[in-house]
Amino acid sequence: MTTPQYGSDAPRKLPLQELGQAKRDGRPLVMITAYDYPSGRIAERAGVDMVLVGDSAAMVVLGHNSTVPATMDEMIMLTAAVTRACRRPIVVADLPFMSYQVSDEDALRAAGRFLKEAAADAVKLEGAGPMLARIRALAGAGIPVVAHLGLTPQTATMQGGFRAQGKTAQAALRMLHDAHAAEAAGAIALVLEAVPAPVAERISSELEIPTIGIGAGAGCDGQVLVFHDLLGLGEGPLPRFVEQYASLGDLAVDAVARYADDVRARRFPQERHTYAIGADELERFQRLVEAGVPVSAEDEDGVL
Ligand code: KIV
């Protein structure tokens with residue numbers, strides 16, 4: 001067994017089994033997205049249970065208008081930063097669009113990269129149907145996998161846009177069957193996005209694995225929100241299911257604008273932001289400059 005790099009007082013990684021235990025105990029699970037070291041640290045320090053490195057990164061971090069453009073290399077880099085930050089929470093990495101849709105082999109290779117190169121604890125994929133085979137393949141290879149039903153942003157175009165799913169009896173029934181199938185295939189948890197609350201509640205009550213809702217009501221076993229939405233770091237309207245707990249974007253704009261004003265008005269930097277040089281060294285420096293002495297490759301510091 002390898003020795004952890006950090007001290008014995010470091011928080012212990014939440015065992016995966018804790019997810020099912022929390023559901024059985026009726027303790028709601030808390031998940032939030034994170035995309036880099038600072039957001040991962042905030043999630044860890046706030047004591048969340050699970051951190052999702054969502055491919056929503058394509059939108060909230062990289063400025064695309066959908067999650068489709070997220071690449072494996074981008075997601076690996078972001079996930080590695082988050083896992084460096086998170087010791088206790090379970091870190092779930094989103095498999096990006098087309099990294100798993102084509103074959104089980106693709107899914108295994110992509111998921112393997114997240115575990116080996118980015119130290120993710122689990123991966124997440126969207127959809128049912130042929131994706132159930134992917135869940136089975138990943139679980140069979142010992143890779144913890146989270147399923148995702150309801151609004152599945154990678155295929156939102158097929159769903160008619162970013163809109164709630166499972167709003168007819170037939171669609172709700174299909175979702176319930178898909179949820180059971182995902183559990184039977186070996187998923188460790190199920191994200192339900194933009195699903196009518198009574199439908200999500202029914203699914204949650206029938207499954208043994210925990211459901212994590214986003215726009216799916218209080219009957220889910222846990223909740224997830226996008227970091228930037230929760231903290232008010234984005235611009236424009238938010239989905240109705242978001243509760244914005246802070247307006248950090250406005251605070252940040254105000255801070256940067258005050259910095260800009262201070263620079264332009266020469267109020268920043270001040271003496272306390274600068275480094276000193278001894279009076280004799282300064283005098284010597286001025287004499288050297290005035291005498292036109294060239295910089296020696298072997299000056300006394302050995303550093304040019
Ligand atoms: O990518 C993401 O952030 C997600 C959540 C919205 C569940 O999939």
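Counting starts at 1 for both ligands and their atoms, following the listed order. Computed over heavy atoms, backbone and side chain alike; hydrogens, waters and symmetry mates excluded.
Considering backbone and side-chain N/O of Tyr35, none are found under 3.5 Å from N/O of ligand 1.
In terms of protein heavy-atom proximity, atom 5 (C) of ligand 1 is closest to Leu52 CD2, 3.6 Å. Protein heavy atom at the shortest distance from atom 8 (O) of ligand 1 is Lys124 NZ, 3.0 Å.
Residue contacts with ligand 1 for Ile214 involve side-chain atoms from C-beta outward but no N, CA, C or O (heavy atoms, distance under 4.0 Å). Residue contacts with ligand 1, taken as heavy atom pairs separated by less than 4.0 Å, do not involve Thr67 at all.
In this structure, Arg258 pairs ionically with Asp254, as a charged nitrogen and a carboxylate oxygen lie closer than 4.0 Å. A salt bridge between Arg109 and Glu105 is absent, with no side-chain N of the basic residue lying under 4.0 Å from a carboxylate O of the acidic one. Salt bridge present: Glu18 and Arg27 bring a charged side-chain N and a carboxylate O closer than 4.0 Å. Here Glu281 pairs with Arg284 in a salt bridge; the nearest charged N to carboxylate O distance falls below 4.0 Å.
Remark: ligand 1 atoms within the under-4.0 Å shell around heavy atoms of Asp55 are 1 (O). Taking every heavy atom of Glu193 and a limit of under 4.0 angstrom, the matching atoms of ligand 1 come to 6 (C). Atoms of ligand 1 lying under 4.0 Å from at least one heavy atom of Asp94, given by number and element, are 1 (O), 2 (C), 8 (O). Counting the atoms of ligand 1 from 1 in the order shown, those under 4.0 Å from a heavy atom of Thr33 are 3 (O). Annotation for ligand 1: atoms under 4.0 Å from non-hydrogen atoms of Ser56 are 1 (O), 2 (C), 3 (O). The contact set between ligand 1 and Gly54, taken as ligand atoms under 4.0 Å from a residue heavy atom, comprises 1 (O), 2 (C), 3 (O).
Of the N and O atoms on the side chains of Thr155 and Glu126, not one donor lies less than 3.5 Å from an acceptor on the other residue. A donor atom on one side chain and an acceptor atom on the other are found under 3.5 Å apart for Gln101 and Gln154. Side-chain contact, Thr79 with Tyr35: no donor N or O sits under 3.5 Å from an acceptor N or O.
Here the CG atom belonging to Leu108 is positioned 5.5 Å from the CD1 atom belonging to Ile143, to the nearest 0.5 angstrom.
At least one heavy atom of His148 sits less than 4.0 Å from an atom of ligand 1.
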